[in-house]
K.L.:
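Quick one: this structure, given as structure tokens, is what I'll be asking you about.
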2 protein chains.
Amino acid sequence: MKRRPTEESTGNLGFALLGLLARRRSTGYELARRMERPVGYFWSAHHGQIYPELARLEARGFVRHTVVEGAGPRPTKRYAVTAAGRKALREWVVGELEPQPVRDLETLRLWNIWLVEPGAALELVQKLRQDHAARLAAYESELAEVRDSPEAHDPRNPMFASRLTLEGGVRSRRAALEWCDWMREQLESAMHDQTSAH
Amino acid sequence: MKRRPTEESTGNLGFALLGLLARRRSTGYELARRMERPVGYFWSAHHGQIYPELARLEARGFVRHTVVEGAGPRPTKRYAVTAAGRKALREWVVGELEPQPVRDLETLRLWNIWLVEPGAALELVQKLRQDHAARLAAYESELAEVRDSPEAHDPRNPMFASRLTLEGGVRSRRAALEWCDWMREQLESAMHDQTSAH
DNA sequence: GCTTCATATGTCAATATTGACATATGAAGC
DNA sequence: GCTTCATATGTCAATATTGACATATGAAGC
């Protein structure tokens with residue numbers, strides 16, 4: 001059986017890059033940095049993955065590049081999304097919701113805390129709580145920057161979508177913080193019951 | 001340079017399998033089904049990944065198998081976690097929190113909804129809301145089954161950990177539902193403003 | 001003048017994941 | 001008797017991801 005030379009469908013990383021480029025044209029290097037923040041909040045990729053994916057997107061006609069002056073040892077390429085790329089992204093956004101594989105290390109850890117002493121479990125919960133609190137603070141400060149601008153209230157402006165996703169991040173981290181506090185109470189009362197039973 | 005014949009560190013799938021086996025010994029087939037539910041709520045893997053991973057865990061001494069009667073064309077193997085495997089899992093549970101790569105397709109879609117008409121965006125939000133509502137119902141019914149049992153209040157019992165993770169699922173899905181309702185309001189009021197501006 | 005760092009683009013080996021293919025048995029329903 | 005399905009374990013090719021290696025420039029600080 002012959003294999004076709006790639007070109008099937010755009011993977012999810014491709015849509016992340018198209019979404020980035022639909023907001024602003026960028027070089028691969030800039031995309032890698034924008035992928036850390038803000039897109040890194042919901043999608044992550046290294047530059048080692050980004051450069052080949054850009055080449056694939058270009059082969060499919062979804063992006064095109066122009067060479068600009070830059071500091072690297074090779075020509076610096078600035079990419080922009082094409083009409084076809086924008087269309088593909090739009091169609092994906094409202095397309096079928098396919099079940100995505102779940103990879104939630106935090107919950108996997110907690111599902112196994114019965115194996116360790118309640119004191120160690122409590123420490124883990126407190127560490128997780130700190131992480132959530134730090135993320136919440138970052139989201140809140142970013143949200144404060146966009147919340148009141150008129151663009152963030154125009155549903156066809158990228159800032160509108162940024163506002164919605166940041167709001168979701170804030171809400172989910174607040175819920176996680178409350179969950180951590182609830183878990184702490186559960187562990188503490190269980191430890192207390194154990195002690196007083198003696 | 002020679003490559004060592006695997007055996008470095010257990011991947012995350014390995015810990016998911018060890019956690020499953022620490023609760024109850026199982027065949028690979030049973031693990032694949034238990035991986036769908038309940039572990040599938042926070043970690044997923046196909047049987048094509050599970051069988052090779054079991055072999056690697058066995059090579060490292062973390063699990064061992066006995067052959068039992070079964071229906072398949074090959075001998076059916078029942079795996080159990082060893083003391084070394086249990087220790088490795090315990091150490092991982094309270095070990096360093098490494099930043100995990102994020103892959104959140106739902107947020108990636110929403111981050112791009114400015115590209116589509118508000119009406120289509122609204123439809124997407126409603127579809128996402130339905131998904132969250134269905135998941136919430138599943139978590140709530142599972143939580144109701146364990147919540148009141150005494151084992152679920154003993155921090156060294158697996159049911160305790162199940163209860164904590166289910167509670168987290170319920171809380172996060174409730175927050176997501178509220179977020180969806182909030183997004184609907186945002187979209188509807190933006191659409192209304194647009195109409196009345198004419 | 002020298003070191004360090006941000007800029008900049010790429011490749012490659014190792015590993016992880018997906019989805020299909022392969023195969024065989026026993027039980028249930030028709 | 002035949003079909004279908006759950007049981008059961010595995011392999012393999014394609015794809016995705018990670019992390020390291022490679023390389024070169026200009027600016028800043030010493």
K.L.:
Can you tell me how far C1' of C/dT18 sits from CD of A/Glu98, to the nearest Å?
P.N.:
13 Å
K.L.:
Within this structure, what is the NE2-to-C1' distance between A/His65 and C/dT9, rounded to whole angstrom?
P.N.:
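Value for this atom pair: 12 Å.
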K.L.:
May I have the distance from A/Arg33 (atom CZ) to C/dA6 (atom P), rounded to whole angstrom?
P.N.:
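In whole Å, C/dA6 P lies 11 Å from A/Arg33 CZ.
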K.L.:
Between B/Trp179 and B/Arg184, is there a cation-pi geometry (under 6.0 Å to ring centre, at most 45° from the normal)?
P.N.:
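No, B/Arg184 does not lie over the aromatic ring of B/Trp179.
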K.L.:
Could you tell me how far apart B/Leu31 (CG) and D/dA8 (C1') are, to the nearest whole angstrom?
P.N.:
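Nearest whole value for this atom pair: 12 Å.
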K.L.:
Quick one: are B/Arg174 and A/Arg171 in side-chain contact, heavy atoms under 4.5 Å?
P.N.:
no
K.L.:
Atom OH of B/Tyr79 and atom P of D/dA8: how far apart are they, to the nearest Å?
P.N.:
14 Å
K.L.:
Where along residues 35-52 of chain B does a heavy atom fall under 4.0 Å from DNA chain C?
P.N.:
B/His46, B/Gln49
K.L.:
For B/Arg103 and D/dA16, is the shortest distance between a side-chain N/O and OP1 or OP2 below 4.0 Å?
P.N.:
no
K.L.:
Fill in the dot-bracket string of DNA chain D, one character per base: . for unpaired, | for a pair to another strand, ( ) or [ ] for pairs within the strand, taking Watson-Crick or G-U pairs under 3.5 Å.
P.N.:
||||||||||||||||||||||||||||||
K.L.:
In whole angstrom, give the distance that lies between atom CZ of B/Arg34 and atom C1' of D/dA8.
P.N.:
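Those two atoms, CZ and C1', are 17 Å apart.
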K.L.:
Going through the checks in order, is the ring-ring contact (aromatic ring centres under 6.0 Å, His included) test met by B/Trp114 and A/Phe160?
P.N.:
CA-CA 7 Å; B/Trp114 62 280; A/Phe160 180 84; over 10 Å; no
K.L.:
Do you reckon B/Ile113 sits in the same ILVMFWY cluster as A/Leu97, going by side-chain contacts under 4.5 Å, direct or chained?
P.N.:
yes
K.L.:
Considering only C/dT18, D/dT18, C/dT7, which nucleotide approaches the side chain of B/Pro101 most closely?
P.N.:
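When the side chain of B/Pro101 is considered, D/dT18 is the closest of C/dT18, D/dT18, C/dT7.
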K.L.:
What I want to find out is whether B/Glu178 reaches B/Arg129 closely enough, with some N-O distance under 4.0 Å, to be called a salt bridge.
P.N.:
no
K.L.:
Nearest to the side chain of A/Tyr29 - C/dG10, D/dA8, C/dA6?
P.N.:
C/dA6
K.L.:
Hey, quick one: are A/Leu177 and A/Trp182 part of the same hydrophobic cluster, counting side-chain heavy atoms closer than 4.5 Å, chains of contacts allowed?
P.N.:
no
K.L.:
Check this one for me: any side-chain N or O of A/Arg74 less than 4.0 Å away from OP1 or OP2 of C/dT11?
P.N.:
no
K.L.:
Categorize A/Arg78 for me: base, sugar-phosphate, or nothing, with a 4.0 angstrom heavy-atom threshold over every strand shown.
P.N.:
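No contact at all - A/Arg78 keeps every heavy atom at 4.0 Å or more from the nucleic acid.
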K.L.:
B/Glu53 CD to C/dT17 C1': how many Å, rounded?
P.N.:
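To the nearest whole Å, that distance equals 12 Å.
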K.L.:
Would you call the rings of B/Trp92 and B/Phe15 parallel, tilted or perpendicular if under 30° counts as parallel and over 60° as perpendicular?
P.N.:
parallel
K.L.:
Separation of A/Asn12 atom CG from C/dT17 atom P, in whole Å?
P.N.:
15 Å
K.L.:
Does OP1 or OP2 of C/dT9 have a side-chain N or O of A/Thr27 closer than 4.0 Å?
P.N.:
yes
K.L.:
Between B/Lys87 and B/Glu91, is there a side-chain N and carboxylate O pair less than 4.0 Å apart?
P.N.:
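The answer is yes: the pair qualifies as a salt bridge.
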K.L.:
Taking atom CZ of B/Arg135 as the centre, does the number of heavy atoms from other residues, nucleotides or ligands within less than 6.0 Å exceed 12?
P.N.:
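More than 12 within 6.0 Å, yes.
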